[in-house]
Amino acid sequence: MNIPVNTPVFNGNEKKYLMDCIDTGWISSAGEYIEKFETKMAQVVGQKYGIAVSNGTAALESAILALNLEKGSEVILPDFTIISCVQAIVKAGLVPVPVDCTWDTWNLDVTKVEEKISDNTKAIMVVHIYGLPVDMEPIWALANKYHLFVIEDAAEAHGLAYRGKQCGGLGDISVFSFFPNKHITTGEGGMVLTSQDEFYARAVKVRNLFFDSERRYIHEEFGSNFRMTNIQAAIGLAQLEQLEKTVVKKREIGSFYQEELSGIDAIQLPVPKTEYADNIYWVFGIVLRDPDLPADVVMNKLGEKGIGTRHFFYPIHRQPALIKEGCCEDKFLEDEQFANANYICEHGFYIPSGLGLTFDEQRYVVQAIRSIFI
Ligand SMILES: *Cc1c(COP(=O)(O)O)cnc(C)c1O
């Protein structure tokens, strides 16, 4: 058996829409699928605008630049997240301030945010991790109290609801990724979503080299080429049409693992539901409870049986790239305040749960894990 950690599935209108791009010649960043994809995504999550870009990392950079924060402003973010989040902050001349995650949901610990807010704090970046959302109500309360923007990274949260509201619609500005392991893929791709006209206007300019509408080739600021192609958007639209089915399938995979693995004391499984959300199982994470057993040991054993796994994220405060940058040393403080992120990065990994996973493959994964621990 060889079971990759993810295999994407294309069983909707992908081919039809792609052929249409080729037949009509609309293959670059102009074309009707881009607008359709942006409009439909915005509609689904309840934002006014969608701005399709080339990937999720570009979406984060565009979102940060769209807010136009003063250089040196602080942005709070989870310590347990992907490098793209902190990179977007640092590249914009802003100061990242990481906060630990909770030990069970692996999401931003909202009870530890307020103590990190200073006069210089201008935004909180929330990141929905692995299939459960951040508890947003306390975040919105803090954002109100201290006049902060909320940047929502919903790159892992297509189709996930927080108290009945779709993720991607919970921030002043929100982003998605459409990498092949996400619930909607365009190969590479991303989107910025917002309901505020000025953020929309800036994000559109950032995406396209800050071209001015008045006189072409005069540029007030630097932007980037973050444009998505019509070809990507065509696939994205077809994938978006399947989102509800995708969510059902991901939850089936997650529930099966929960049932079959719940008896093993040595491992901690994802939280199936909280008071505010039902897990969508973007990935199915496992944390080893024995502090002396690193994730690599078990990952290697599964690898020998042909089962693909991935490490959990690595804590922001320990990222070599960031330490080298030295941009925010005083904010990084002692390692101990990130005890949960430290623990799960060393003892956590995720197992195959892509849409292409068959029932037989999933049973094989379960058996392999059982044979290691029981
Ligand atoms: C995947 C992901 C991204 C980055 O998306 P790319 O399209 O790979 O650049 C950003 N944030 C989170 C939380 C992600 O999971």
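Counting starts at 1 for both ligands and their atoms, following the listed order. Note that the numbering runs from 1 along the sequence shown for the chain.
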- Message: Any atom of ligand 1 sitting under 4.0 Å from a heavy atom of K182?
- Response: yes
- Interfacing atoms of ligand 1 (cut-off 4.0 Å, heavy-atom, G56): 5 (O), 6 (P), 7 (O), 9 (O)
- Item | Side chains of I231 and L18 in contact at under 4.5 Å (non-hydrogen atoms) | yes
- Can you find an N or O of E156 that's nearer than 3.5 Å to an N or O of ligand 1? yes
- Message: Can you tell whether the side chains of E241 and K16 come within less than 4.0 Å, N to carboxylate O?
- Response: no
- Item | Test of ring centre spacing under 6.0 Å for F199 and F149 | yes
- Query: Atoms of ligand 1 less than 4.0 Å from V127 heavy atoms?
  - Reply: 13 (C)
- Query: Closest non-hydrogen protein atom to atom 11 (N) of ligand 1, residue and atom name please, with distance?
  - Reply: D153 OD2, 2.7 Å
- Query: Nearest protein heavy atom to atom 9 (O) of ligand 1, by residue and atom, and its distance?
  - Reply: T57 OG1, 2.6 Å
- Message: With a 6.0 Å cut-off on the ring centroids, do F178 and F37 count as close?
- Response: yes
- Can you name the one residue among F284, Y281, Y350 that meets ring-ring contact (aromatic ring centres under 6.0 Å, His included) with Y130? Y350
